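Right, one structure below, let's go through it.
Lettering follows sequence order; numbering is per chain, from 1. The structure displayed is predicted, hence computed values, not measured ones.
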Amino acid sequence: MRRVASDHSQHAIMHRSEERMMFEQELDSASQRLRQSLHQLDVPIPDQIEWMPTPFEGQWGFGTNACFLTAAAEARAGKKVSVPSRAQEIAETVLNDLGPITGFTRTEAEKGYLNLYIEPTQYANRVIDTVLDQGESFGSGDPKKQQVMVEYSQPNTHKAFHVGHLRNVILGGAMSNILEFAGYNTVRANYIGDIGWHVIQWLWCYLKFHSGEEPKGDRTRWMQDIYTEAVQLIDDHPEYEAEAREVFARWENDDPEIKRIWEKTRNWSLEGFNEIYENLGEQFDVFFYESEVEKPGKVLVEELIEQGLAIDERSIGGPVVVKLDELLGLEAETYRVLVILRSDGTSLYATKDLPLAIKKFKEWQIDKSIYVIDVRQSLYLKQIFKFLEIMGFKQGADCYHLSYEIVNLPGDVTISSREGTIVMFDDLMQEAFKRALWIVEDKNPSLSVAQKKNVAEMVALGALKYPMLAVDNNKVATFDWERALDFEGQAAPYIQYAHVRANSILNKAASIPHHVPSEFELEVQEISLLDQISRLPDEVKRSAENYKPLTIANYAFDLARTFSEFYQHCPVLKAEKDVRAFRLRLTAATKQTLANSLRLLGIESPEVM
RNA sequence: GCCCCUGUAGCUCAAUGGACAGAGCACCGGACUUCUAAUCCGACGGUUACAGGUUCGAAUCCUGUCAGGGGCACCA
């Protein structure tokens, strides 16, 4: 899994010159001159010279640690020096030697770092022009000629759609948006669990106790209620399990009655899911179904047995297994054993995941296959990917498990549709909407009813999505009503509010000036804002390379905060003519950058709220 | 027994191996006749679980310990 990630970043480094980083050219030529200067000093030259934004508030610049690397190399070569002071010495010498550097108005040797500062007035217009010219595409990467498939959501029919599922959809959706924006051709895939033991239990219960009934009200909830009932009954009455197993056998034998009811009830779930996706603003390019890969899977299992890769233990009452560690000649337990078919010949996840993985690559010509699946399936996916390779399907190495931790309820209660400890998506959405509507009525009563509802929907949805993206994937999230409905502080509404304020200023101005000579001194808040805006392209790149939407979630909030500070300290409309014009343009650029960032997270940017 | 993840401010969480570890919440004190106060400003708050190691430099990498969570043959 790691290898996939690092291959990916190597690729990106190779094509770095194609990227549209804001100060790429200036930094590249600065690096070259730095190399020459170090060469003249006859000191070791680092392989790579990296530039990072300087950490000082209100100053816009980049620093490099190159002199540390050089001094450390000298020390390793036997020279008796204190590395930090030697680094500072080298930095100072180099600085003298270099003189002025194109594109930077101030250079500095500080604590061993070599810092190059950007004169804000010189580049302010460049940043703003870039944003305003590129508009919605500001921050995007150049096309990579690589096709990536992201499989996410994967709901089970005949079951609930709850907040645990939400984390998956939100994460997968945002990851897809970011990859696409970063320049990859992105295929959004859903994989519906429309068959399996859970479906059979449901069908058994339906046939026995609810025959002929139709869903009432919220379909997904109705489906879940029957599922919970089925599990309960089978747990309490062991004899029912045999009955349900019979239903399974009938399904396996293509019993027309069972198939008919299965199809009908399955569709109820699918319709319910589609409503949810519509609400969430999610769209998929392709739907795979477990039911469609089940038979190919069984055929594949037979082939694997013939090839001697899988061991058929059915004759002694066992399942069909793959002994991965044995196949790989590994002593230590690593991949363990993968069961690919039940002893009664019915299918398992693995039966279906193997053919599906191959189908994805063959039918969609993808280069990477990403699986957004919770962390508990890490070993399982590791097994699948490795076994694909063993089977001779090399692209197993191009599969990547984007794992995330589960969502718990307060008190460490695990969400379980089996046990009915769930918060339904629909309840959550309605509650959030109600709350958002109440607040918008309080804050902005002059809006029309339609506007208020529209705003409330955007705000509620953003508020639900953002917390799922603003924590690291591998941290357990606790779902808490109070926090989910808190629209203040570090939350989507804060970011949306910044967008609204920017919009409000722009609306009050007659127009956005095309170009202004920014030859006055800029405020600290203006410099920070320009700096922040200019970082988006790099953040997008990093987010895509590391498969981390969190990067963008953090960025969006930081940008909003920087803008709020600017808003507070720098009047726009009442400022003197040139300053006013400049700030209007800066505000327009911020609005665009905020909107682009939020869009990547799957969050809408209201014009008013 | 083996493997994976987590441990950072009272709470929830950030932080490309870099400069002084930052936000939000909570608490305390300020700012609305001024571009929307869903905001801003200030104060408070830290032995980054612990012990070693690598490195010029470690919250970050390595080893070990402790604590919590998850996974490991027919669940998904």
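Comparing B:A14, B:C35, B:A19 by their nearest atom to the side chain of A:Pro55 picks out B:A19. Comparing atom distances between the A:Lys475 side chain and each of B:A14, B:U36, B:C72 picks out B:A14 as nearest. Set against B:A38, B:C35, B:U39, the side chain of A:Phe487 has B:A38 as its closest nucleotide. For A:Lys443, counting side-chain heavy atoms from C-beta on, the closest listed nucleotide (B:C56, B:A38, B:C20) is B:A38. Closest approach to the A:Arg561 side chain among B:A23, B:A38, B:C20 is made by B:A23 (side chain taken as heavy atoms from C-beta onward). Residue A:Leu550 has its side chain nearest to B:A14 when only B:A73, B:A23, B:A14 are considered. Minimum atom distance to the side chain of A:Arg376 is reached by B:G70, of the listed B:U36, B:C40, B:G70.
Within the shown strands, B:G1 is the pairing partner of B:C72 under the Watson-Crick or G-U definition, both distances less than 3.5 Å. B:A31: Watson-Crick or G-U partner is B:U39, with both key distances under 3.5 Å. Using the Watson-Crick or G-U wobble rule with both distances under 3.5 Å, B:G22 pairs with B:C13. Taking a pair to require two hydrogen-bonding distances under 3.5 Å in either a Watson-Crick or a G-U wobble arrangement, B:U65 pairs with B:A49.
In this structure, A:Lys382 does not reach the B:C3 phosphate: none of its side-chain N or O atoms is under 4.0 Å from OP1 or OP2.
When the nearest nucleotides of RNA chain B are assigned to A:His569 and A:Pro53 by heavy-atom distance, the more 5′-ward of the two goes with A:Pro53. When each of A:Tyr497 and A:Gln490 is assigned the nucleotide of RNA chain B with its nearest heavy atom, A:Gln490 is the one assigned upstream, toward the 5' end.
Side chains of A:Gln59 and A:Thr54: no donor on one and acceptor on the other come within 3.5 Å. Between the side chains of A:Ser85 and A:Glu89, no donor-acceptor pair is found at a separation under 3.5 Å. Under 3.5 Å, the side chains of A:Ser31 and A:Trp51 contain a donor-acceptor pair of N or O atoms.
For A:Asn115 against B:A19, a side-chain-to-base donor-acceptor contact under 3.5 Å is present. Applying the 3.5 Å distance criterion, the base of B:C35 shares no donor-acceptor pair with the side chain of A:Arg501. Side-chain to base pairing of A:Ser343 with B:C74: one donor and one acceptor N or O lie within less than 3.5 Å of each other. Checked by distance alone, A:Arg483 brings no side-chain donor or acceptor within 3.5 Å of a matching partner on the base of B:C25.
Scanning both residues, A:Gln383 and A:Tyr335, for their nearest heavy atoms gives NE2-O, 2.7 Å.
Using a 4.0 Å heavy-atom cutoff across all strands shown, A:Pro571 reaches at least one base atom of the nucleic acid. Base contact: A:Cys570 has a heavy atom under 4.0 Å from a base atom.
The interatomic distance linking A:Leu304 (CG) with B:C74 (P) rounds to 20 Å, in whole Å. As a whole-Å value, the separation of A:Gln568 CD from B:C40 P is 8 Å.
No donor-acceptor pair closer than 3.5 Å links the side chain of A:Thr70 to the backbone N or O of A:Ile45.
The aromatic rings of A:His158 and A:Trp202 sit perpendicular, their planes meeting at an angle over 60°, well past the 30° parallel limit.
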